[in-house]
Novice: 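Sending over a structure as structure tokens; questions will come in a sec.
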Amino acid sequence: MAENQKIYDFTSIEKKWQEYWERENTFRAEDDSEKAKYYALDMFPYPSGAGLHIGHPEGYVASDILARYKKACGFNVLHPMGWDAFGLPAEQYAIKTGTHPSVTTRANVDNFRRQIKSIGFAIDWDREINTTDSIYYKWTQWIFLKLFQRGLAYVDEKPVWWCPNLRAVLANEEVVDGKSEVGNHPVERRNLRQVVLRITAYAEKLLEGLDDLDWPDSTKRQQKAWIGKSEGAQVQFEIAGLDEKLEVYTTRPDTLFGATYMVVAPEHPLLKKLVISEKENDVQTYVEAAAKKSDLDRTDLAKDKSGVFTGSYCINPVNGEQIPVWVADYVLISYGTGAIMAVPAHDERDHEFAEKYQIEIRRVIGPQDGEEEKSKLPYSGPGVMVNSGEYDGMEAIACKSKIISDLEEKGVGKGAINYKLRDWIFSRQRYWGEPIPLVWVSKEDYENAKNTKGIVKESLPHDPVTSDKDGETLYALPVPSSELPLKLPEVENYQPAGTGESPLATISEWLDIWFNLETGKSVSRNQVKPDGDNWVSATRETNTMPQWAGSCWYHLRYLDPQNEDQLVDPAKEAYWGSPDFYIGGAEHAVLHLLYARFWHRFLYDEGVLKNPEPYRKLFHQGLILGEDGNKMSKSVGNVVSPDVVIDAYGADSLRLFEMFLGPLEAVKPWSEKGIEGVHRFLKKVHRECLQTEKHLQGEESNKETLKVLHETILKVTEAIEDLRFNVAISQMMILINQLQKVESYSKESIKTLIQLLAPFAPHLSEELWESLGGKPSIANEPWPQARKELLVADEITIVFQVNGKLRGEGQFPKDVDKDSVISAAKADAKVQSFLEGKEIVKEIYVPGKLVNLAAKG
RNA sequence: GCCCGAGUGGCGGAAUUGGUAGACGCAGCGGACUUAAAAUCCGUUGGCCGCAAGGCCGUGGGGGUUCAAGUCCCCCCUUGGGCACCA
């Protein structure tokens with residue numbers, strides 16, 4: 001019996017306290033608390049079939065330590081968890097096995113929940129959410145309707161990545177180096193009808209909003225680069241012999257005099273008119289070849305530029321010169337105006353092209369005396385203008401705005417801003433996603449809808465959203481919010497339709513409906529048309545939403561997960577606001593984090609939310625590599641499962657070691673030996689707690705112990721605040737080493753250590769807290785306060801340096817004056833030996849720390 | 001190619017503002033306890049020279065600023081990440 005007590009039986013301890021927390025609702029977040037709130041959010045996982053691997057919990061442990069620490073500091077803490085459960089793998093599995101994705105998803109979620117619970121997080125499980133629940137995706141659809149109503153959704157034919165193996169369309173960001181991100185299959189271009197969100201309308205707001213965010217710099221930079229704002233001018237060039245103008249965008253209007261040719265993209269609408277008859281064959285061949293190239297060929301690989309002269313000439317508005325117009329695929333139709341003025345002297349790309357086709361290269365930014373670097377072309381920096389008529393001699397940068405206003409005066413140009421950001425292709429031709437709540441009707445029925453009072457009319461955008469199908473133009477009507485959720489229908493076959501459409505397109509009883517223009521209600525068309533006036537024939541939108549949709553707003557739903565009438569109760573949103581801490585992988589730097597900012601900002605503009613930004617403080621945990629230093633992967637066989645680690649060492653050791661591995665943001669390898677180290681530390685703590693004969697009543701009487709104790713309180717507190725958990729753990733190890741070393745210590749001292757340890761190793765801490773006579777739960781105990789006055793020793797050590805090298809040290813009273821320290825240093829035998837034959841030229845004293853004698857000779 | 005970040009013992013890392021480099025842990029070595037092992041504890045561990053006292057060198061490489069540099073500046077190397085014809 002006594003023997004058993006001394007063993008650190010983590011398995012039963014962890015089971016005991018996990019059950020306790022669940023039974024007592026220890027970590028329930030109160031909606032109507034007087035306390036200040038603290039909201040710690042993890043990027044929620046996609047529950048894959050493989051289960052959790054050791055990398056997943058890293059961020060969760062970090063946020064959990066913060067959550068438990070903040071609770072101890074008196075905050076009302078919310079630390080929730082949920083499932084981003086729509087997505088491709090469950091659908092792929094369904095295609096292979098016929099198992100409904102909801103079945104797979106449920107099993108995977110159950111397994112993930114079990115694994116996460118086994119690590120002992122301070123999660124309020126009453127707030128668990130799942131993006132595939134219709135009570136959740138009702139509101140995802142609701143947000144879409146709002147976007148639709150505000151004209152931020154439209155439908156367009158877009159060239160998209162089609163993956164024959166996955167039989168699915170992929171977004172740009174899901175294609176890496178010409179292969180699908182999932183499964184690494186080859187992909188090709190196809191034109192398909194897509195629902196698109198006008199995120200570009202939010203480019204400026206998304207850019208500006210970044211300034212106030214406490215985010216890693218690199219992530220902000222990535223978003224900035226992704227949005228890609230540039231300022232310049234749009235300039236119109238007359239076309240010789242044509243009554244049309246060619247408009248270009250340039251960031252360098254100051255180099256207008258150096259434009260020696262023009263380029264239009266192969267898809268440019270004016271190209272047909274520009275081509276003279278002798279060039280028609282050449283140009284047509286070129287354009288066709290360009291159309292066959294994928295974006296990859298046109299950008300990444302094709303460093304070699306190519307193009308064809310159209311035979312036409314433009315007239316340079318600043319000097320009346322005629323310059324040739326070329327077509328070349330290094331100019332993209334999707335950016336700016338799809339046409340450029342080429343200035344080979346001051347643009348690398350134009351320079352390369354001009355050299356290849358022997359087009360004139362004319363310098364307009366000149367080198368001045370001693371400016372070597374400007375004499376080599378192409379040169380794209382600042383400088384003084386030359387060969388530029390009236391502008392000669394001016395600073396090019398200053399000249400930009402002058403030229404723009406001169407162009408404006410002449411009516412041939414204007415200042416302009418462009419963004420690299422493209423609209424967001426929001427549709428997926430898949431089954432396992434949120435159905436997009438739109439139906440398609442004829443023009444006539446659309447006009448009727450506009451004239452029919454009711455919720456459908458109220459939800460319509462100002463301009464119609466249309467799409468051409470089989471030569472007919474169809475008009476989009478919303479399935480109004482009163483009809484949400486629009487649930488996924490059952491389907492027999494999960495294979496996408498061969499056309500690239502989603503499997504939903506094959507279920508005609510769902511697809512073809514009678515739609516009521518007044519109420520938005522619908523009835524399958526294989527039933528009789530209902531009585532009444534406003535029933536029209538309609539076809540449902542078959543696309544579903546991308547996986548990003550559900551994660552765009554989940555941080556809001558945790559605040560009010562069961563609300564059937566509102567996305568979130570405004571009172572709850574007002575109290576909880578946005579997360580105080582958000583942690584997740586850096587791989588989401590631009591996609592999830594930009595899309596979520598877009599939706600959140602939009603909801604703010606709509607008056608639904610009180611904060612414009614969703615994630616004020618963001619942190620990226622670093623990858624945990626396999627023990628061999630490689631990325632953990634099944635194929636390499638270096639994956640470590642938390643289940644195995646918990647079996648062998650317990651959840652507390654797992655938690656502690658994930659944090660002890662190194663800085664939270666660093667990429668670092670797993671180590672089996674390393675976890676034994678922290679496990680040993682926990683055993684040591686366990687042993688010390690049970691050695692009650694060492695525990696004394698009253699205050700700590702050993703000065704050294706008292707000092708280390710308060711140093712530890714201070715350092716652990718600071719380290720948690722700074723997310724430097726590895727340092728916090730080191731310091732607790734120093735304290736336990738001290739307690740182990742001395743013969744006895746105050747019981748309060750070890751109780752304090754247990755409190756500091758509680759956020760890191762909560763199960764063991766609860767157990768030991770109880771055994772030391774504390775009242776459960778330790779999670780409710782206030783955080784220990786360091787007494788800083790104890791950290792100042794009466795005696796201090798001051799080191800002596802000669803020429804910056806350590807040569808001795810001395811003990812001094814803490815309020816010693818400079819002169820006595822310096823004379824003591826000079827009197828030190830070793831210091832003297834290094835001063836011999838030298839002259840002291842400078843004496844430096846850093847109070848309480850060191851003396852440095854600079855000597856020469 | 002461009003833009004960021006990182007390089008510290010055998011290993012993971014510490015040194016937050018320029019002020020004793022290598023805390024803490026792992027691994028190693030020596031020892032205690034034990035019939036033995038496990039567990040635990042104690043000591044030791046950057047390199048070179050030296051019997052020792054001690055000295056010299058040392059934070060990717062080279063230069064610089066400073067009384068003092070892992071920390072600041074310049075150049076270079078290696079490595080991780082992001083972007084990549086956006087005019």
Novice: Contact class for A:Ile340 (heavy atom, under 4.0 Å): base, sugar-phosphate, or nothing?
Specialist: base
Novice: With salt bridge (Lys or Arg N to Asp or Glu O under 4.0 Å) as the rule and sequence neighbours excluded, what pairs involving residues 673-692 of chain A come up?
Specialist: A:Glu688-A:Lys694
Novice: Is there a donor-acceptor contact under 3.5 Å linking the side chains of A:Ser653 and A:Tyr8?
Specialist: no
Novice: I need the CD-P distance between A:Glu718 and B:A23, as an integer number of Å.
Specialist: 21 Å
Novice: Give me syn or anti for B:G43, where syn covers glycosidic angles within 90 degrees of 0.
Specialist: anti
Novice: Is A:Lys830 touching bases, backbone alone, or none of the nucleic acid, heavy atoms closer than 4.0 Å?
Specialist: sugar-phosphate
Novice: A:Leu618 vs A:Leu213, test: side chain to side chain contact (heavy atoms under 4.5 Å, CB included). Steps then yes/no.
Specialist: CA-CA 8 Å; A:Leu618 170 73; A:Leu213 300 180; over 6 Å; no
Novice: If you only use heavy atoms from C-beta on, which nucleotide in B:A39, B:G19, B:C85 is closest to the side chain of A:Leu850?
Specialist: B:G19
Novice: Consider side chain to side chain contact (heavy atoms under 4.5 Å, CB included). Of A:Leu246, A:Val331, A:Leu270, which one does A:Val264 pass it with?
Specialist: A:Leu246
Novice: Expressed in whole Å, how much space separates the P atoms belonging to B:A69 and B:A21?
Specialist: 10 Å
Novice: A:Tyr419 side chain to A:Ala201 main-chain N or O, any donor-acceptor pair under 3.5 Å?
Specialist: no
Novice: May I have the distance from A:Lys741 (atom NZ) to B:G43 (atom C1'), rounded to whole angstrom?
Specialist: 14 Å
Novice: Calculate the interatomic distance between A:Lys305 atom NZ and B:G1 atom C1'; express it in whole Å.
Specialist: 11 Å
Novice: For nucleotides B:C29 and B:U8, find the distance between their C1' atoms and express it as a whole number of Å.
Specialist: 24 Å
Novice: Take A:Tyr649 and A:Phe657 through the test ring-ring contact (aromatic ring centres under 6.0 Å, His included) and record every step on the way to the result.
Specialist: CA-CA 10 Å; A:Tyr649 300 100; A:Phe657 187 53; 9.0 Å; no
Novice: Identify which nucleotide among B:A87, B:G82, B:C4 has an atom closest to any side-chain atom of A:Arg221, counting heavy atoms from C-beta outward.
Specialist: B:C4
Novice: Just how far, in rounded Å, is P of B:G19 from CD of A:Glu809?
Specialist: 18 Å
Novice: Relative to the 5' end of RNA chain B, which residue comes earlier, A:Tyr249 or A:Ala666, by the nucleotide with the nearest heavy atom?
Specialist: A:Ala666
Novice: What pair of heavy atoms forms the shortest contact from A:Ser334 to A:Arg422, and how long is it?
Specialist: OG-NH1, 3.0 Å
Novice: For nucleotides 24-27 of chain B, which of its nitrogen or oxygen atoms have a protein nitrogen or oxygen under 3.5 Å away, and what is each distance?
Specialist:
from: B:G25; atom 1: OP1; to: A:Asn737; atom 2: ND2; distance (Å): 3.2
from: B:C26; atom 1: OP1; to: A:Arg680; atom 2: NE; distance (Å): 3.0
from: B:C26; atom 1: OP1; to: A:Arg680; atom 2: NH2; distance (Å): 2.7

Novice: Under the criterion side chain to side chain contact (heavy atoms under 4.5 Å, CB included), I'd like the reasoning laid out for A:Ile54 against A:Leu654: C-alpha separation, chi angles, the key distance, then a yes or no.
Specialist: CA-CA 9 Å; A:Ile54 216 75; A:Leu654 171 68; 3.6 Å; yes
Novice: Could you verify whether a donor N or O on one side chain and an acceptor N or O on the other, from A:Thr251 and A:Glu231, lie under 3.5 Å apart?
Specialist: no
Novice: Between B:A52 and B:C67, how far apart are the two C1' atoms, rounded to whole Å?
Specialist: 33 Å
Novice: Grab the CZ-P distance between A:Arg687 and B:C41 for me, whole Å please.
Specialist: 5 Å
Novice: Rounded to whole Å, how long is the line connecting atom CG of A:Leu256 with atom P of B:A87?
Specialist: 16 Å
Novice: So, for A:Ile713 and A:Thr717, which heavy atoms are closest and what is the spacing to 0.1 Å?
Specialist: O-OG1, 2.5 Å
Novice: Please write out the pairs of protein N or O atoms and N or O atoms of nucleotides 62-72 of chain B separated by less than 3.5 Å, giving the distance to one decimal.
Specialist:
from: B:C67; atom 1: OP1; to: A:Lys842; atom 2: NZ; distance (Å): 3.2
from: B:C67; atom 1: O2'; to: A:Asn852; atom 2: ND2; distance (Å): 3.3
from: B:C67; atom 1: O2; to: A:Asn852; atom 2: ND2; distance (Å): 2.6

Novice: Could you list the residues that satisfy ring-ring contact (aromatic ring centres under 6.0 Å, His included) with A:Tyr745, not counting sequence neighbours?
Specialist: A:His695
Novice: Can you list the stems that include RNA chain B, where a stem is three or more consecutive Watson-Crick or G-U pairs with distances under 3.5 Å?
Specialist: B:1-7 with B:77-83, B:10-12 with B:24-26, B:28-32 with B:40-44, B:46-49 with B:54-57, B:60-64 with B:72-76
Novice: Nearest to the side chain of A:Thr250, which nucleotide is it out of B:C56, B:A87, B:U16?
Specialist: B:A87
Novice: Please measure how far the C1' atom in B:C77 lies from the corresponding atom in B:G60, and state the result in whole Å.
Specialist: 7 Å
Novice: Nearest heavy-atom pair of A:Arg655 and A:Val61: which atoms, and what distance?
Specialist: O-CG1, 3.8 Å
Novice: Indicate, with a heavy-atom threshold strictly under 4.0 Å, whether A:Phe834 touches base, sugar-phosphate, or nothing.
Specialist: sugar-phosphate
Novice: Does A:Ser230 reach a base, just sugar-phosphate, or nothing at all? Heavy atoms under 4.0 Å.
Specialist: sugar-phosphate
Novice: Could you measure between the two P atoms, the one in B:A38 and the one in B:C49, and give it in whole Å?
Specialist: 35 Å
Novice: When you check the phosphate oxygens OP1 and OP2 of B:A87, does a side-chain N or O of A:Tyr335 lie under 4.0 Å from one of them?
Specialist: yes
Novice: What is the distance, rounded to the nearest whole Å, between atom CD of A:Gln740 and atom P of B:G43?
Specialist: 10 Å
Novice: What nucleotide, of B:G19, B:C4, B:U16, holds the atom closest to the side chain of A:Val846?
Specialist: B:G19
Novice: Can you check nucleotides 47-53 of chain B for protein contacts, nitrogen or oxygen pairs under 3.5 Å, and list what you find?
Specialist:
none

Novice: Hey, which of A:Lys707, A:Gln731, A:Gln738 is the one that makes side chain to side chain donor-acceptor pair (under 3.5 Å) with A:Thr712?
Specialist: A:Gln731
Novice: Using the C1' atom on both, measure B:A14 against B:G46 and round to a whole Å.
Specialist: 15 Å
Novice: When the P atoms of B:G5 and B:U17 are considered, how many whole Å apart are they?
Specialist: 16 Å
Novice: Strictly below 4.0 Å: does A:Lys805 bring a side-chain N or O up to OP1 or OP2 of B:C57?
Specialist: yes
Novice: Hey, would you say the A:Phe660 and A:Phe681 ring centroids sit under 6.0 Å apart?
Specialist: no
Novice: Any ion pair linking A:Lys668 and A:Glu58 (charged N to carboxylate O, less than 4.0 Å)?
Specialist: yes
Novice: Looking at B:C56, B:A87, B:C4, which one has an atom nearest to any side-chain atom of A:Arg807?
Specialist: B:C56
Novice: Whole angstroms only, please: what is the CD-P distance between A:Glu743 and B:C42?
Specialist: 14 Å
Novice: Shortest non-hydrogen contact from A:Ile323 to A:Ala259?
Specialist: CG2-O, 3.6 Å
Novice: Hey, is A:Asp254 close enough to A:Arg252 for a salt bridge, meaning N to O under 4.0 Å?
Specialist: yes
Novice: When the P atoms of B:U78 and B:U65 are compared, how many Å lie between them, rounded to an integer?
Specialist: 28 Å
Novice: Using a heavy-atom cut-off of 4.0 Å across all strands, would you classify A:Arg422 as base, sugar-phosphate, or nothing?
Specialist: base
Novice: What does A:Pro663 touch in the nucleic acid at a heavy-atom separation under 4.0 angstrom: a base, only the sugar-phosphate, or nothing?
Specialist: sugar-phosphate
